[in-house]
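This report concerns only the one structure given below.
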Protein chains: 2
Amino acid sequence: MAVVDRRKQVIEAAEKSFALFGYKATTMDHVAKIANVAKGTIYTFFTNKEELFDEILRSVILEMKRISEQEVREDRPFFENLYHSMDSLLEYRAEHELLIKLFQEVRDFATPQAREGLEKIEHAILDYLEKQVERAAQLGEINGLDPKVVSFVILKLYIALTSDWNKIHDPLSKEQIKEFTRRFLSGGLSPA
Amino acid sequence: MAVVDRRKQVIEAAEKSFALFGYKATTMDHVAKIANVAKGTIYTFFTNKEELFDEILRSVILEMKRISEQEVREDRPFFENLYHSMDSLLEYRAEHELLIKLFQEVRDFATPQAREGLEKIEHAILDYLEKQVERAAQLGEINGLDPKVVSFVILKLYIALTSDWNKIHDPLSKEQIKEFTRRFLSGGLSPA
DNA sequence: GAAATGACTAAAATTCAATTTCGGTCATTT
DNA sequence: AAATGACCGAAATTGAATTTTAGTCATTTC
């Protein structure tokens, strides 16, 4: 198109700035500058800073959904799909600049908007996980425990192994995590 | 005894004050006042405020150990013992004034000493849990997954169900938690 | 005349010096 | 020898002055 797409410019600038400086330290003036746009222009597309942030989050969530769906094959067993989904999801979570920055911000400054943002992402993951769990339950691949609780516990399990664990021990390798979750989720603690 | 036990007076005063005001808001002057003792006297027993706090923590940990051991019968199955231990432990954690105050303090002020205190307690629980898990593994009651990881995951599972869950949903009843953990730990997600 | 601008405002955040609080000491008292 | 509490310096708190920033809107641009 002949005229520049200012909305896109704003979004791209905001993506960069939020990922680089986090929510609090991103100023609307700065976003406008990077976007090569006057500040007022931002407000013709987004009612305020939080809305702009929301837009970025929405696209992150969409991207995460796309990534994890890539790993799912309808004909593969639930555990296989689950492992690949969680693995790529948590890798994304651990490597995406914006998410890293938001984690830091929550830890160091407790910025409410950053916390809420991460909660939204976690919620989206849970929603998606729940659907997979429900499907597996219907196919009789897993037992009938409440899918809401099951998906919640699965997510917490993965976070425990990939991140909480590292606060007191050396990180587990991907192979160790895969092996542990496979055995733990498929048979619990019962002897083989 | 004829002479008053000043050490005991100090400890009791500190227990009260830490439980009532948390770490940061407890002043040595105030502890001295409650204990009916001059401030200098405290320093003949404890080198500094952190040491005094540590003394209180140590007795809390001892009390938790006592409580959870009360629930363990060598002749009962591992899962039974585990459930009763965790249940009483987490109930204690949720009801003990000092621990409640420390959780608040970590949440609201991020006081390092309060955080470290809670970490010490969690570590003590993990140590104890690990021993139970090792014993059960030796008896062939559970499989041979790494006891360190298993106990870590068990603790995280209980915390997920008894406290994390409540941040987004109505609390689960004790019965629901018991039933879920029993089925989940003994058989994973596999169909019955 | 619709879209874009950027100077402007009110509110929020930051700074910093003055003041207060508090952990820890130690000369004196019991 | 044990206990005390006035005292000290460091750290935390306060609040007034200053700066920053989200959001507005009269003006300009195309």
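Reckoned from all heavy atoms, side chains included, excluding hydrogens, waters and symmetry mates. Given the structure is predicted, the values throughout are model-derived calculations rather than measurements.
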Any salt bridge between [X] and [Y], counting N to O under 4.0 Å?
X: A:Glu119; Y: A:Arg115; result: yes
X: A:Lys167; Y: B:Glu122; result: no
X: B:Lys178; Y: B:Glu175; result: no

Base-pairing assignment for C:dT30 (Watson-Crick or G-U wobble, both under 3.5 Å): D:dA1
Pairwise distance CD(B:Gln9) to CZ(B:Arg6) - rounded to 0.5 angstrom: 6.5 Å
Rounded to whole angstroms, how far apart are [atom1] on [X] and [atom2] on [N]?
X: A:Phe46; N: C:dA4; atom1: CZ; atom2: P; result: 13 Å
X: B:Asp29; N: C:dT20; atom1: CG; atom2: P; result: 17 Å
X: B:Asn48; N: C:dC22; atom1: CG; atom2: C1'; result: 14 Å

Sugar-phosphate only, base, or nothing, as touched by B:Thr27 at under 4.0 Å among non-hydrogen atoms: sugar-phosphate
Sugar-phosphate, base or nothing in reach of A:Lys33, heavy atoms under 4.0 Å: nothing
Cation-pi check, A:Lys49 onto A:Tyr23 ring (under 6.0 Å, within 45° of axis): yes
Chain B footprint on DNA chain D, 5' to 3' - any atom under 4.0 Å from a heavy atom: D:dA3 to D:dT13
Under 4.0 angstrom between A:Lys39 side-chain N/O and C:dG6 OP1 or OP2: no
Under 4.0 angstrom between A:Arg6 side-chain N/O and C:dA4 OP1 or OP2: yes
Results of ring pair (Phe, Tyr, Trp, His ring centres under 6.0 Å) for B:Tyr128 - residues two or more places apart only: none
